[in-house]
Amino acid sequence: MRLHADGKPLPASLATPPLRGLPAMQARWVDRIKRVALRQLHASVAGERLLLRIYLIGEEASEIALQSDLLGQPPVWLARQMEKHLADERRHASLFAAALTARGGIAPIPLSARPDTLTLRKIAQWRTLAHRYGTSFSAGHIIPAFAIGLCAEQTFTRVLRRHCALIGAVHPLYPLLVGVLGDEDRHVRLCQHTLARLVLPSEHGSLASLLDEIRAIDRAWGVSSALIMCLAGAALRLWPARP
């Protein structure tokens, strides 16, 4: 356990855990497949538009999540923090929409910006988990909501870091992606500090179990989503004129 800036304990479970055995092997498969998928998608303008649309929809989904019913009535200090987070997500969405439009794409309006079917199923599983764990914490359902947010932000930073490393600083999309990555790294820290502040020491075991289950759900969908990205990239490379 380490301390954050306020001197309060930060449970070790809030950091992305090292993987071993089958989960580690699965993570390596997903990473390799997604690197291939990224190369395929960057081989055509249509592929780059698809990547930007995926990121845009993800940011707009984050906006909705920050206004989730699971959050209830947060404390004043947390409401201010969430408002700043929401402003970041809206700015990211605008940047991705502008990049998409610049490449001849049409940015989806928020009501039509729905994640893909696999992501929706993953979110549904996470919400079921949140309701099950809501009574395990004195702060209520806000803890599962932020635990899910933490894991989602950690996954997105990993996605962006891999993408930035793959395309390199000379690529036109690099400044956009690395700028968003910097904000998302900060969001991870904010989620960690929020959980460390709201979760009682006696609840750390429940938090660790919750995070383990959230991450297991995320990993369960990882291979499928990676393969779909790879197939989409190959298809758009063969038919680059497709929107």
Side-chain angles (χ1 to χ4, degrees), residues 2 10-42 47-48 50-62 65-66 85 88-89 92-93 95-96 115-116 118-119 121-123 125-126 129 146-169 171 173-195 208 210-230 232-233:
R2 60 190 178 87
L10 192 62
S13 59
L14 296 179
T16 303
L19 299 176
R20 297 179 178 85
L22 182 59
M25 185 182 301
Q26 184 182 27
R28 287 194 294 271
W29 290 342
V30 169
D31 182 68
R32 289 171 184 170
I33 295 169
K34 286 199 171 180
R35 286 179 184 275
V36 172
L38 286 172
R39 292 188 186 95
Q40 296 273 21
L41 289 165
H42 277 293
E48 288 195 344
L50 177 59
L51 280 170
L52 289 166
R53 186 181 177 90
I54 290 170
Y55 288 154
L56 171 57
I57 290 173
E59 294 292 346
E60 290 179 336
S62 294
L66 285 168
H85 189 162
D88 282 344
E89 303 296 2
H92 295 168
L95 291 170
F96 284 128
D116 59 90
L118 291 183
T119 301
R121 289 179 181 175
K122 180 172 70 175
I123 291 171
Q125 289 181 319
W126 277 348
L129 198 61
F146 266 85
I148 291 169
L150 169 64
C151 294
E153 296 283 9
Q154 287 171 330
T155 296
F156 192 33
T157 58
R158 187 166 60 250
V159 166
L160 288 173
R161 196 164 280 112
R162 174 174 53 226
H163 199 161
C164 288
L166 185 83
I167 62 176
H171 194 281
L173 283 176
Y174 184 85
L176 168 59
L177 298 181
V178 80
V180 173
L181 174 58
D183 288 338
E184 299 299 342
D185 276 332
R186 179 165 46 82
H187 295 166
V188 167
R189 294 192 295 273
L190 288 173
C191 287
Q192 289 174 328
H193 295 169
T194 298
L195 290 168
L210 170 61
L211 289 167
D212 283 345
E213 292 196 53
I214 294 170
R215 289 164 177 151
I217 290 171
D218 196 24
R219 287 195 302 271
W221 294 101
V223 174
S224 298
S225 63
L227 288 172
I228 289 172
M229 276 185 64
C230 197

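What you are looking at is a predicted structure, and each value in this text was computed from that prediction instead of being measured.
A distance of 10.0 Å separates CD in Gln154 from CG in Asp185, rounded to the nearest 0.5 Å. The structure places CG of Leu181 at 9.5 Å from NE2 of His92, a figure rounded to the nearest 0.5 Å. Between atom CG of residue Leu227 and atom NZ of residue Lys34 there is a gap of 10.0 Å, rounded to the nearest 0.5 Å. Summarising the geometry, atom CZ belonging to Phe146 is positioned 10.0 Å from atom CD belonging to Glu153; distances are rounded to the nearest 0.5 Å. Taking CG of Leu95 as the start and CG of Leu52 as the end, the distance is 11.0 Å to the nearest 0.5 Å. Taken to the nearest 0.5 Å, the CD1 atom of Ile33 stands 11.0 Å off from the CE atom of Met229.
Between Arg215 and Asp218 there is no salt bridge, since none of the side-chain N atoms of the basic residue sits less than 4.0 Å from a carboxylate O of the acidic one.
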(request) Applying side chain to side chain donor-acceptor pair (under 3.5 Å), run through His171 and His163 and close with a yes or a no. (result) CA-CA 11 Å; His171 194 281; His163 199 161; over 6 Å; no
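Side-chain contact between Arg28 and Asp31 is absent, with no heavy-atom pair separated by less than 4.5 Å. Residues Leu211 and Leu150 have side chains in contact (heavy-atom distance under 4.5 Å, counting atoms from C-beta outward). Within the 4.5 Å cutoff, the side chain of His85 has no heavy atoms near those of the Leu190 side chain. Taking 4.5 Å as the limit, every side-chain heavy atom of Phe96 sits out of range of all side-chain heavy atoms of Ile57.
Looking only at distances, no side-chain donor or acceptor of Glu184 sits under 3.5 Å from a matching main-chain atom of Phe156.
When each of Arg39, His42, Arg162 is paired with Ile167, the side chain to side chain contact (heavy atoms under 4.5 Å, CB included) condition holds for His42 and for no other.
Atom CZ of Arg121 sits in a sparse spot, with 12 or fewer heavy atoms from other residues, nucleotides or ligands closer than 6.0 Å.
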